[in-house]
Amino acid sequence: MESLSLQSFHINGLNYRSKLNFASNPSEFRAINQLGFDYFWKQRCKRLSFPVKSQSFSGKNEGGVSSSKDVSYFAIEEQQGDEGHLGHLIGPVKDASGAIVSFNLYSQSANTDSSDSNVNAVLDLDKQDEVQGDYDIKEDVWKVREATDSEGEEKISSGLPSSFVFEQGVRKEILAEDLLEETVVEGEEKTSVKVKLSIVFVTAEAAPYSKTGGLGDVCGSLPIALAERGHRVMVIAPRYIHGTAADKIYAGAFDADCRIKVNCFGGEQEVAFFHQYRDGVDWVFVDHPSYHRPGNPYGDSFGAFGDNQFRFTLLCHAACEAPLVLPLGGYTYGEKCLFLVNDWHAAKYRPYGVYKDARSILVIHNLSHQGVEPAVTYDNLGIPPQWYGALEWVFPEWARAHELDKGEAVNILKGAIVTADRILTVSQGYSWEITTVEGGYGLHELLTSRKFVLNGIINGINTSEWDPSNDAHIAAPYSIDDLSGKAQCKAALQKELGLPLKPDCPLIGFIGRLDYQKGIDIIQAAIPELMGDDVQFVMLGTGDSKYESWMRATEVTYKDKFRGWVGFSVPISHRITAGCDILLMPSRFEPCGLNQLYAMRYGTIPVVHSTGGLRDTVETYNPFAVGTDDSGTGTGSLYFLGSSSSISQYIKNEKIKFALGLIQALRNALKTYREYKGSWLGLMKRGMQQDFTWDSAAAHYEQVFEWALTDPPYC
Ligand code: ADP
């Protein structure tokens, strides 16, 4: 047994050690033995099959399995010193065209029963005991002789029997068998297997129950999309009770009559679970008095809550218990599930001896929030001392309070990064940005070291909630075929805001958190210049009080042109998205961004800073390119730092540079709006045709689940 020690990192005076030193209790942990997808891929070119012997670092027999429509993966660890063991064969999996798409590990069994493999058969999992099979190297297929069926005919199924393996001729159930329920779909040519997973989302917010931003949207929609694709899905979030009418959102969630005790923060906390089954998903709410207070999930008008570490520690422990103790729909999820943990509020922790075959996928929605607290708080977390190394964080000297301050801290998101089986961000662009000094918030080297398990999947949108042809919040419905309703929405919005009713005056909108990330100071810098033009501008948001005050003051200064709506209102966000001509998103960084997706669906043109998910989803308008019609190509306007003009190179101030870029991009958009109506219409229509459904995003998530299950558990 070895202790697991990752690297030490030294960056720009920042010295943080990413060390998982489990030497003090080594028997509890396994070192990394990941057969990643890349590994299989490289081997692909070498030969079609070869024996491999995997190694157990723990002496425990652990592993995982996954199978999908066309492939089945095995990652099986063998007992050390198992003499005479033949090891496993790695063999190719081919798609319908015969191309090799991946590789599987197959046990070298003694029982060979080669028969014609081209017979379709449904695997009868109840008859596993009677099934025998072997891998045929020549044919590159796994052949299974099944029990005689009712008509007395012998059936041969080709492809892998995904829920059991043969080792030394003995059938063994695979470790992740319970994790995967299989539905066998009979096709005309071959049998395809759809894998059902038990997926557990752990999140601080899930719309419509709780939402402050994109995280709530994602955790409110992606689970439903995955459930629709056949998986068993649970979402665990706190039950926030504010003492207002909004609490009725939890009316459909009932006390599951299950209490657990959580040991943390020097005491024992009792938490309860509430449960609602809706849209095919088990929505589970963790109930504790610390979730009952006014404000949003993280804070109120006085700032962030001081006990957030406690509140989200409770959530994590409760999330570890829920799959084991809640008999939802009659039976528990069990320990062989796949956790989707979101941001620092839900980092991975594998209690002793439990969840050894589960996988944990960390989804980073925003790296700038990491859950960093003083090192002394570690003891409060209720996790064993050996885990300290995973969470250990040392601030750079310049960030320390005084000379005696050693900068020692715990960083919960860092703990999640070093322990997760796979890491995801909410766009591909952002998955690269977080590995750079500029976007990594001190974690870029650590993330770079894990880039082989790091991917990005762009968020989808809830297309029934955000549908201009059927939206209860807007003044008139409209669609790509009949845009007349959009003009009515614009007029209704101008009226509601008390702005002059001017159908031809471009109406620009902004929706979002009022903070530095969203570039509010950049809008602030650009406003005097913009207000000189014949435009109207509306902003909706809450956040930093200095920006809220600025919005109120600006409204007074530009009475006929500017409106600042301080607050969080979903109906108003829909009306702004529908009624505006342009949606502005000058975010400094944007992990995904949802408003630009909503805007495009509503025929509103996004003008955005070229970063992260904005760059991935908005295509720059090119009036000269030949598209499907003569209105050019692209769906919006992108700008980047210094893209304004040649003078920007002489400007040192970053904010002013951004503001110049924004003004230039807006001017281009306004010119098109005013002078090239046909091109503008083309832009609107191309945006409305974009496919950002959750179903396509969910399919990408499934691919990552499959990769996670291909590898053994990371630690
Ligand atoms: P982030 O998650 O960084 O806040 P996103 O663009 O990913 O940003 O998601 C923001 C989500 O929150 C969108 O659904 C947006 O419409 C919504 N939102 C943000 N601010 C407000 C607000 N003041 N009122 C209503 N909805 C808002």
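Note that the coordinates shown come from a computational prediction; the quantities given were computed from them, not determined experimentally. First listed ligand is number 1; within each ligand, the first listed atom is number 1.
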Under 4.0 Å, counting heavy atoms only: does [X] come that close to any atom of ligand 1?
| X | answer |
| --- | --- |
| G613 | no |
| W565 | no |
| H365 | no |
| L540 | yes |
| C592 | no |

At a 4.0 Å threshold, what atoms of ligand 1 neighbour a non-hydrogen atom of [X]?
| X | value |
| --- | --- |
| G214 | 1 (P), 2 (O), 5 (P), 7 (O), 9 (O), 10 (C), 11 (C) |
| D217 | 11 (C), 13 (C), 14 (O) |
| G541 | 23 (N) |
| G593 | 6 (O), 7 (O) |
| G567 | 22 (C), 23 (N) |

Open item on the list: Looking at D279 and V281, would you say the former's side chain and the latter's main chain have a donor-acceptor pair under 3.5 Å?
Closed with: no

TODO: State whether Y516 and R588 meet the cation-pi test: NZ (Lys) or CZ (Arg) under 6.0 Å from the six-membered ring centroid, and within 45° of the perpendicular axis.
DONE: yes

TODO: Verify the distance criterion only: is there a donor paired with an acceptor across the side chains of N462 and S464 at less than 3.5 Å?
DONE: yes

What protein heavy atom is closest to [atom], reported as residue, atom name and distance in Å?
| atom | value |
| --- | --- |
| atom 15 (C) of ligand 1 | N595 OD1, 3.2 Å |
| atom 12 (O) of ligand 1 | G213 CA, 3.4 Å |
| atom 17 (C) of ligand 1 | K211 CE, 3.8 Å |
| atom 22 (C) of ligand 1 | F568 CD1, 3.4 Å |

Tell me whether the centres of the aromatic rings in [X] and [Y] are closer together than 6.0 Å.
| X | Y | value |
| --- | --- | --- |
| Y441 | H369 | no |
| Y298 | F305 | no |
| F274 | W283 | no |

- [ ] Give yes if a backbone or side-chain nitrogen or oxygen of L594 is under 3.5 Å from a nitrogen or oxygen of ligand 1, and no if not.
- [x] yes

TODO: List for me each residue that meets salt bridge (Lys or Arg N to Asp or Glu O under 4.0 Å) alongside D695, sequence neighbours excluded, and say none if there are none.
DONE: R229

TODO: Classify the ring geometry between H609 and F658 as parallel (under 30°), tilted (30 to 60°) or perpendicular (over 60°).
DONE: perpendicular

Open item on the list: Within the structure provided, determine whether I458 and C592 are in side-chain contact (heavy-atom separation under 4.5 Å).
Closed with: yes

Task: Side chains of K211 and F568 in contact at under 4.5 Å (non-hydrogen atoms) - done: yes

TODO: Measure from atom 24 (N) of ligand 1 to every heavy atom in S569, G543, G512 and give the option owning the shortest one.
DONE: S569

Task: Pick from R513, M539, E465, K518: the one approaching atom 8 (O) of ligand 1 most closely through a non-hydrogen atom - done: K518

Task: Test ring-ring contact (aromatic ring centres under 6.0 Å, His included) applied to Y547 - qualifying residues, sequence neighbours left out - done: none

